[in-house]
**Student:** 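I have a structure I would like to understand better, so I am pasting it below and will then ask my questions one at a time.
Proteins come first, then strands; the chains are lettered A, B, ... in the order of their sequence lines, and each starts at number 1.
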Amino acid sequence: MATTLHPSSIVLVPTSVKEAKPRTTNSSQKLLANCKTLNELKQLHCDMMKKGLCHKPSGHFNKLVAACVQIGTLESLDYARNAVQDDGVSMPSLYVYNCLIRGYASAGLGEQAILLYIQMVVMGMVPDNYTFPFLLSACSKTMKLWEGVQVHGTAVKMGLDGDTFVSNSLIHFYAECGKVELGRKVFDKMLERNVVSWTSLINGYAGRDMAKEAVSLFFQMVEAGVEPNPVTMVCVISACAKLKDLELGKKVCAYICESGVELNALMVNALVDMYMKCGDICSARRIFEECTDKNLVMYNTIMSNYVYHGWAGDALVILDEILRKGPRPDKVTMLSTIAACAHLGDLSVGKSSHAYVLRNGLEGWDNILNAIVDMYMKCGERGAACKVFEHMPNKTVVTWNSLIAGLVRDGDVESAWRIFDEMQERDLVSWNTMINALVQASMFEEAIELFREMQNQGIEGDRVTMVGIASACGYLGALDLAKWVCTYIEKNDIHMDLQLGTAVVDMFSRCGDPSSAMHVFRRMEERDVSAWTAAIGVMAMEGNTEGAIELFNEMLKQKVKPDDVVFVALLSACSHGGSVDQGRQVFWSMEKTHRTSPQIVHYGCMVDLLGRAGLLEEALHLIQSMPMEPNDVMWGSLLAACRKQKNVELAHYAAEKLTQLAPERVGVHVLLSNIYASAGKWTDVARVRLQMKEKGVQKVPGSSSIEVHGLIHEFTSGDESHAENTQIELMLQEINCRLSKIGYVPDTTNVLLDVDEQEKEHLLSRHSEKLAMAYGLITTAQGKLQLETITGIIFSRKDIVLVEIIGNGFS
DNA sequence: GTAGGGTTAG
């Protein structure tokens, strides 16, 4: 044995036990404490046993257990526990139990720690004020609230709840279990609070989405005269990072500078993270560069923040730096790297990262495999993703979510929905992924139905859910639902951030409620160019050119830089408002004032604007003179204008161009046939329709929907499928009767079918919008009233029929 | 002895 012993211990082995006993005791204990590995320790233990030195509950034995805990591996902890339990006769000391409980707790093996506690109590030992903090830390890691509460109860019974250490641990424990308010109660009852008490509660708030409370508690602490230490600083800085509040972060930084607390690596890292989360990259980089002992965590912080902000390329630049001069990348580095690859669609780096993960045995960590599945899906490598997925031993909800999101991106909503249905466990992200997938696939009613199902299962929507639902609602034009969405957001205290605010503005705009849209817009805390575009879109929807231009000028005043899209909204406002001059002005100002060249889409807007105004020649000239090749949209737009102006010759030319560019476009045939029809050229109509039939092109029938009591009812022209068709039929007769009484004569020029006048009138009386309106009139109280008074618009959709009626003297 | 940094999916 002695030959393999650590050299220094050989020197200290006594020659005579009697002579050296006092010295040996101290030296052996010192040796135990210095052991770096379990093997070293085992040998020493064996040696001491031979000399009869290591009996329970001697000081030697205590030190042995402490040394095992110090080493901290699972093996060393089990070795100590076996030593404690070996004879089952002699009683180990309380110190030994405390030590072991602490060891298991800090190794993350809370269950074992709790078992030891139970064993100790069963043996009749009385826990002390050291036992509880260790045990509570074990409980918080395994997140069992009821176990912690029992410990709390015992501590109270034993009169130890007044102990500062015990109370501090209780605060931490409750916060970890998500019950920070219980931690607050403990804090409030404390007679003596130290810096750890404050820090524990600050950290509890910061970690539970109550970062505001955390920062305010920090300033209360300073006011109370308690000096914060580096740990407190780290907690409060990370609270500022969570709030993304740069001003507050700077205030805390200023305090740190004043107080003279020395920066340690953790604080530097927290500061770098805070500055990056607040968007102040320069300050973050400066602090990082100035730090003389950069560690991997700091690199990881910068990388993950770059990925978070969507600057995946910059993240990979940092990776290069790590590989050149930094420490070896670890699993967190690789997680950010893989996420960056997913973002960039960089399959090559993605694949080598996957290989690195496998080579370095990092694949045991579920998160990294999830990220790999996600990366392959985002790089379009469905096969590779599925292969990793199939071999994953622990598929979590995140894994499934990545998969369904990937399928959705692939456009395979059907598969995504099937997997979603089969999922054993769904979280909010699963629901949001699926709801937004349906919205993207224009399956708006299904999206709303799924949202209802989600609520039925007791899950409430968040910001992301509501962005999807607001968008679905807008496309459906369901105003009642839109109002409900707005109330839901308020009631559930969902933060109206830029994205949600913009979605809600757009929703009201599409539902034909401009005043609600503008009300929401005016209340938005922050407005970017997309938000302004949505508001300008409200004006466009109303054909309010002046309003749109005013908003645009206001936007410029607030130093928001216009982008391509806002000009589209602006031009469309001019177009809908029939404001040709303003439209031209906006168009030319793009280059002159805003130094941006009009894109093809802007030329398209101009063609639309000129076409609607009947300036077909000017529109054609613009198409012919623009610096890029005209696309099918422009010709389509011109064609539509020709139809309105009944210019068959130009229509023919535009249609030809259009067919060359997009032979598959259904609209061309339909429009062309309609143009021929309106000019009475029925032989040409027949020819086009025959062509359509030959090519297998079918017009998707137009439909109108109406929302009644929160349900959407959809009608197509001549639709008789509705359950209440008989009543609808009666109402149509009633409407027609009333209309003719006041002298209404249907305008049949838009019925582009080769049928006689009577048939045209019949078709017109049953087109989809009229059916939807008739249904609205019989099903809503407001509708019934409307029939009697007919004073305004009862529909959420702008309704041609209604315009027709009002235009004929109904209002 | 109690409190502290970077972590995937929508």
**Student:** With respect to the side chain of A:Asn401, which nucleotide from B:dA3, B:dG5, B:dA9 is positioned closest?
**Tutor:** B:dA9
**Student:** Under 30°, 30 to 60°, or over 60°: which ring-plane class applies to A:Phe444 and A:Tyr475, parallel, tilted or perpendicular?
**Tutor:** parallel
**Student:** Are more than 12 heavy atoms, taken from residues, nucleotides or ligands other than A:Glu289, located less than 6.0 Å from that residue's CD atom?
**Tutor:** yes
**Student:** What residues from residues 306-313 of chain A pass a heavy-atom cutoff of under 4.0 Å to DNA chain B?
**Tutor:** none
**Student:** Choosing from B:dT2, B:dA3, B:dT8, which nucleotide comes nearest the side chain of A:Ala371?
**Tutor:** B:dT8
**Student:** What's A:Thr433 touching, base or sugar-phosphate or nothing? Going by heavy atoms closer than 4.0 Å.
**Tutor:** sugar-phosphate
**Student:** Name all residues meeting the salt bridge (charged side-chain N to carboxylate O under 4.0 Å, His left out) criterion together with A:Asp410; count only those two or more places apart in sequence or in a different chain, and write none if there are none.
**Tutor:** A:Arg382
**Student:** Is the shortest side-chain N to carboxylate O distance from A:Arg324 to A:Asp320 below 4.0 Å?
**Tutor:** no
**Student:** Just how far, in rounded Å, is P of B:dG5 from NZ of A:Lys277?
**Tutor:** 12 Å
**Student:** Do A:Lys294 and A:Phe288 meet the cation-pi criteria used here (NZ or CZ under 6.0 Å from the six-membered ring centre, within 45° of the axis)?
**Tutor:** yes
**Student:** Within the pair A:His172 and B:dT2, is there a side-chain N or O less than 4.0 Å away from OP1 or OP2?
**Tutor:** no
**Student:** Over all strands shown, is A:Arg426 touching base, sugar-phosphate only, or nothing at heavy-atom distances under 4.0 angstrom?
**Tutor:** nothing
**Student:** Quick check on contacts: within residues 410-419 of chain A, what sits under 4.0 Å from DNA chain B by heavy-atom distance?
**Tutor:** none
**Student:** As a test of reading the structure: which of B:dT2, B:dG5, B:dT8 is closest to the side chain of A:Asn370, going by heavy atoms?
**Tutor:** B:dT8
**Student:** Count the heavy atoms belonging to other residues, nucleotides or ligands that lie under 6.0 Å from NE2 of A:His354, then report whether that count exceeds 12.
**Tutor:** yes
**Student:** Picking from B:dT8, B:dT2, B:dG4, which would you name as closest to the side chain of A:Pro230?
**Tutor:** B:dG4
**Student:** Taking all heavy atoms of A:Lys242 and all of A:Ala206, pick out the closest pair and write down the distance.
**Tutor:** CD-O, 3.2 Å
**Student:** Does A:Asn203 have a side-chain nitrogen or oxygen under 4.0 Å from the phosphate oxygens OP1 or OP2 of B:dG4?
**Tutor:** yes
**Student:** Examine A:Tyr95 together with A:Tyr130 and report whether their ring centres are nearer than 6.0 Å.
**Tutor:** no
